[in-house]
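Only one structure is covered here, and it is reproduced in the block below.
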Amino acid sequence: MAADGGPDARPLPAERRADPRTAIVFDTLAGALDQPGRTVVDIGGGTGGSAVRLAASGHHVTVVDPSPDALASLDRRVREAGVGSRLTAHQGDVADLVSLVPEAGADLVLCHGVLEVLDDPAAALDAIVSRLRPGGRLSLVAGQRNALVVARAMAGQFVAARELLDDSAAHGRTGRRFTEAELLDLVGAAGLEVESVHGVRVFADLVPGSLVDAEPGSAAALVELERAVAARAEFRPLATQLHLLARR
Ligand SMILES: C[S@@+](CC[C@H](N)C(=O)[O-])C[C@H]1O[C@@H](n2cnc3c(N)ncnc32)[C@H](O)[C@@H]1O
């Protein structure tokens, strides 16, 4: 194993596996990244929560993000994790993918929490697909509109909840929200074949944190519950986010 963590795919740290925000996504990615040394691009990778984790598991990761602050935090994280030899960061946005990343080279492109803030999600997906090798995959995480409707209703904002129901331009605090059908259409129009759709945080954002912290083992039990319902169509509409894995 090399001094910076080595080329072998390493198991993921337990505390991160137990995080309801990431467990479902990384369970799915573990299947897609079944061998070390895969080429991964993380568009809008931010402070590198996913990118550093994948680099630590032995993959070669390129992060593209327009935020200098996020990239500075990423740089600190990379140094702490000792993964500098396997992670490259560029300041740029999705339109820069074409100049920053070799054509049709990536085994996997992550687009997590980014589609929401883009003016033209369809154009972004076209740019992403152009960087995927044939058979390469897109991992897409995006905020779901239904969850925002539920959140508004639970806050007593019933009129706002009603208005959101059919508003395809609906925005939450962190940008636009999508329905599952809208995401499937976008990904299909980009020429990708959807392999799986999972709900992320079906319950986690509905449960008060005090309940999760109340009993030892509750947090882990919540994650197991999330895992149990993530792929169930009847629970997916409640999820804060949807995770789609799609193949070129
Ligand atoms: C909600 S954060 C998600 C960060 C990370 N992907 C994650 O899952 O934790 C959204 C990220 O998208 C980046 N971003 C904003 N506009 C972008 C654009 N036009 N192209 C690429 N990334 C963009 C932001 O700088 C930010 O780091």
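Remember, it's 1-based here, ligands and their atoms both numbered in the order they're listed.
Listed by chain and number, the hydrophobic cluster partners of Val159 come to none, as no ILVMFWY side chain reaches under 4.5 Å of it.
Glu195 has a carboxylate O that lies under 4.0 Å from a charged side-chain N of Arg137, or vice versa, which qualifies the two as a salt bridge.
For Arg247 (side chain) and Leu245 (main-chain N/O), no donor-acceptor pair under 3.5 Å exists by modelled atom type.
Within 6.0 Å of CD on Glu193 lie no more than 12 heavy atoms contributed by other residues, nucleotides or ligands.
Not counting sequence neighbours, Arg131 has no partner by the side chain to side chain donor-acceptor pair (under 3.5 Å) test.
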Using residues 118-129 as the side-chain source, report each donor-acceptor pair under 3.5 Å to any protein atom, sequence neighbours left out, with the distance given to one decimal.
{"residue": "Asp120", "atom": "OD1", "partner": "Ala122", "partner atom": "N", "Å": "3.4"}
{"residue": "Asp120", "atom": "OD1", "partner": "Ala123", "partner atom": "N", "Å": "3.1"}

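Protein neighbours of ligand 1 below 4.0 Å, counting non-hydrogen atoms: Ile43, Gly44, Gly45, Gly46, Asp65, Pro66, Ser67, Asp93, Val94, His112, Gly113, Val114, Val117, Leu118.
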